[in-house]
Chemist: 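Let me give you the structure first, and then I'll get to my questions.
Residue numbers count from 1 along this sequence.
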Amino acid sequence: MSTSVIEPGTRLAGRYRLEERVHRSGGSTLWRATDEILARAVAVRTFDPDFELIIEVVMAARSASRLTDPRLTQVFDADNSGEFAYVVSEWVVGQTLEDMIATGGPMESGRAATLLGEACEAIAAAHTAGLAHLRLTPRDLLWTTGNTVKILGLGVDAALSGTAVTNPAPADTEGLAHLLYLALTGHWPGSAACKLPAAPIDDGLPCPPHRLRPAVSQTLDQIVCRSLGRPGQEPPITSPAKLAEALAGVPRIPLPLFAGYPQSSPPSVVPRPAAGGPERTRAMPTPPPSALPPPAPPRPAQPYASHRQAGVGGGALEKIGKRPLIVAGAAVAALVIGVVGWRLAAGGDGDAAKTGPTASATPATTKKNDAKLTVQGVTGLDEPNPAQPGHGDASVGRSTGAVIDGRPSTVWASETYTGADFGKYVKGVGVRLDMGRSVKVTRVKVVLAGRGGATLELRVGEAEGQTPGALRLADKESDASGTVELRNTKGTAGRYVLVWFATPTPAGFKAQISEVTVYGQPS
């Protein structure tokens with residue numbers, strides 16, 4: 001194997017021109033590339049010369065290339081006989097299940113059955129052909145721009161991580177059941193890294209879905225419990241084919257049309273975790289039924305593109321299995337997904353999206369003393385309700401760095417509640433930005449994720465308090481949505497800047513922030 005450097009512009013097999021390195025992990029690199037013969041975009045994975053699993057990955061990709069189910073991403077080429085080893089896969093455009101739930105909340109039972117029914121049939125078809133996935137995560141299931149289901153990573157993800165089992169049916173059944181659980185509840189019961197809340201554990205297993213979402217149908221609740229081996233749920237479901245058969249009896253609801261790409265600035269490239277990334281081990285406490293929210297329909301997401309090196313065969317995107325999905329309803333935003341994990345988040349600061357009385361934003365460059373300030377750290381806060389001790393928000397401390405990472409695709413979020421009063425469990429939630437020293441804040445731009453309607457407060461001060469009352473109120477916005485600009489008209493200076501949700505968004509009763517930018521001048 002060659003030790004030559006692979007770089008943008010390199011051509012493999014005389015036809016695949018590497019355009020951009022988008023992710024590197026564990027001895028392999030993912031590239032955005034062009035097939036110059038067929039003039040189409042492709043995803044190419046290359047390997048370090050000393051990567052020990054090259055033969056296994058190439059063999060898995062070749063096996064996956066034989067599959068013809070259009071719900072499985074297609075492998076075009078795989079070779080390790082020349083100067084460089086590589087795997088070439090299709091470039092799929094769509095939105096992952098993880099992002100569908102992160103931006104739209106849990107699905108209605110019928111929509112979840114529609115999406116996962118197709119996924120189960122696709123994995124069952126792969127098992128019939130002697131192949132398995134073994135590494136299913138919420139980033140492996142997509143709803144494409146062609147309004148079809150697509151599964152990424154079959155065969156290749158397992159080979160990349162060295163995963164092998166003697167009986168793949170239970171492993172993939174459990175993986176599919178985890179995806180169904182997430183679609184129904186908004187909580188992730190698996191061990192793979194996920195930006196969504198972890199599922200509560202009961203007797204060593206994820207608690208039944210209906211305890212998190214009472215709106216989950218009894219039939220689907222039983223299907224999930226049978227698939228996860230919960231005691232007392234008979235008969236157990238032990239294969240993707242049996243799970244597909246069980247879901248076939250659930251009334252279906254069409255998924256929404258994919259709307260296409262919004263107008264935006266050129267995207268930036270952000271890598272996602274590789275297959276076999278860090279596991280999640282922390283379980284969340286099980287909330288009482290009275291604190292559980294109603295299901296919410298999918299909502300438009302921030303545009304991104306995510307590519308994974310999938311090892312799955314596939315065909316045309318126009319058709320999905322035995323039952324083409326009927327599509328209707330609200331539009332969702334764009335994601336580009338191909339084979340092992342990267343994202344493109346739309347650029348621009350979003351001032352044009354601001355609505356309401358403070359929509360007229362003044363760019364930082366037009367004011368001498370209105371420069372973008374550097375945030376030193378972010379802390380997620382909640383204000384517990386003394387009448388409900390021990391029921392703080394377990395999610396506010398997670399993913400706090402998402403609000404200052406410059407990537408609209410990453411989101412800080414609270415738990416989901418049952419009403420605008422946060423289910424009476426907390427009085428409010430928010431993020432406190434530590435500026436490192438006292439600064440004079442002129443304005444703060446907040447990019448909200450999900451639907452609007454929240455009541456947002458800006459507070460500034462020197463106290464490192466855990467409640468909004470510790471900092472002075474500088475501005476307040478009711479019915480906030482999109483990009484919100486909060487102005488410090490009082491000229492308050494301080495080290496800490498608090499963006500506080502006095503009420504969550506009424507659509508799902510959840511607080512979500514994509515980005516926060518602080519403008520002003522050092523004191």
Chemist: Kindly say whether W412 contributes a backbone atom to a donor-acceptor pair with the side chain of S399 at under 3.5 angstrom?
Modeler: no
Chemist: Heavy atoms, side chains only, cut-off 4.5 Å: are R111 and L115 in contact?
Modeler: no
Chemist: For Y86 and N80, does a side-chain donor sit closer than 3.5 Å to a side-chain acceptor?
Modeler: no
Chemist: Is a side-chain N or O of T185 found less than 3.5 angstrom from the main chain of H187, in a donor-acceptor match?
Modeler: yes
Chemist: Going by heavy atoms in the side chains, are R230 and P208 under 4.5 Å from each other?
Modeler: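 Of all side-chain heavy-atom pairs linking P208 with R230, at least one is under 4.5 Å.
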Chemist: Any chance you could lay out the side chain to side chain donor-acceptor pair (under 3.5 Å) test for S161 and T163, step after step, and finish with the verdict?
Modeler: CA-CA 5 Å; S161 61; T163 302; 2.8 Å; yes
Chemist: Side-chain donor-acceptor pair under 3.5 Å between R45 and S28, yes or no?
Modeler: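 There is such a pair (donor and acceptor under 3.5 Å, judged by atom type) between the side chains of R45 and S28.
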Chemist: Once you round to the nearest 0.5 Å, how far does CD1 of I151 lie from CZ of R71?
Modeler: 8.0 Å
Chemist: Whether the side chain of K150 engages the backbone of P70 through a donor-acceptor N/O pair (distance < 3.5 Å, no angle test) should be reported.
Modeler: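 A pair under 3.5 Å: yes.
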Chemist: Would R139 and D99 pass as an ion pair if we require N to O under 4.0 Å?
Modeler: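 Salt bridge: no.
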Chemist: Taking the side chain as every heavy atom from C-beta outward, state whether L182 and L180 have any atom pair closer than 4.5 Å.
Modeler: no
Chemist: Between E90 and R40, does at least one N-O distance fall below 4.0 Å, as a salt bridge requires?
Modeler: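 Salt bridge: no.
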Chemist: Check L67 against A129 and note the closest heavy-atom contact, atom names and distance.
Modeler: CD2-CB, 3.4 Å
Chemist: Give the ring-plane orientation class for Y417 versus F422, where under 30° counts as parallel, over 60° as perpendicular and anything between as tilted.
Modeler: perpendicular
Chemist: For residues 169-176, which side-chain donor-acceptor pairs fall under 3.5 Å, sequence neighbours excluded?
Modeler:
| residue | atom | partner | partner atom | Å |
| --- | --- | --- | --- | --- |
| D172 | OD1 | L134 | N | 2.7 |
| D172 | OD2 | H127 | NE2 | 2.7 |
| D172 | OD2 | H133 | N | 2.9 |
| T173 | OG1 | A169 | O | 2.7 |
| T173 | OG1 | T238 | O | 3.4 |
| T173 | OG1 | S239 | N | 3.1 |

Chemist: Any side-chain heavy-atom pair from T96 and P138 closer than 4.5 angstrom?
Modeler: no
Chemist: Is there side-chain contact between L154 and L131, with at least one heavy-atom pair below 4.5 Å?
Modeler: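 When only atoms from C-beta onward are counted, L131 and L154 do touch, with a gap below 4.5 Å.
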Chemist: Taking only residues two or more places apart in sequence or in another chain, which ones pass side chain to side chain contact (heavy atoms under 4.5 Å, CB included) with L53?
Modeler: F51, E56, V57
Chemist: Would you please say whether a donor-acceptor pair under 3.5 Å links the side chains of Q512 and T505?
Modeler: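 Per modelled atom types, Q512 and T505 side chains form no pair under 3.5 Å.
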Chemist: With sequence neighbours excluded, tell me which residues meet side chain to side chain contact (heavy atoms under 4.5 Å, CB included) with D50.
Modeler: D48
Chemist: Look at the side chain of R21 and the backbone N and O of I6, then say whether any donor-acceptor pair between them is shorter than 3.5 Å.
Modeler: yes
Chemist: Under 3.5 Å, is there a donor-acceptor pair linking the side chains of Y425 and D393?
Modeler: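 No - no donor-acceptor pair under 3.5 Å links their side chains.
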Chemist: Hey, does the side chain of T400 reach the backbone of T379 with a donor-acceptor pair shorter than 3.5 angstrom?
Modeler: no
Chemist: Using the rule given for side chain to side chain contact (heavy atoms under 4.5 Å, CB included), can you reason through I237 versus I223, listing the C-alpha separation, both sets of side-chain angles and the distance that settles it, and then say yes or no?
Modeler: CA-CA 8 Å; I237 297 175; I223 288 174; 4.1 Å; yes
Chemist: Is the shortest heavy-atom distance from the side chain of P197 to the side chain of R398 under 4.5 Å?
Modeler: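 Yes, close enough: below the 4.5 Å cut-off.
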Chemist: Any heavy-atom pair between the side chains of E121 and L247 that's under 4.5 Å?
Modeler: no
Chemist: Any salt bridge between D35 and R17, counting N to O under 4.0 Å?
Modeler: no
Chemist: With heavy-atom distances below 4.5 Å as the criterion, would you say the side chains of E98 and L196 are in contact?
Modeler: yes
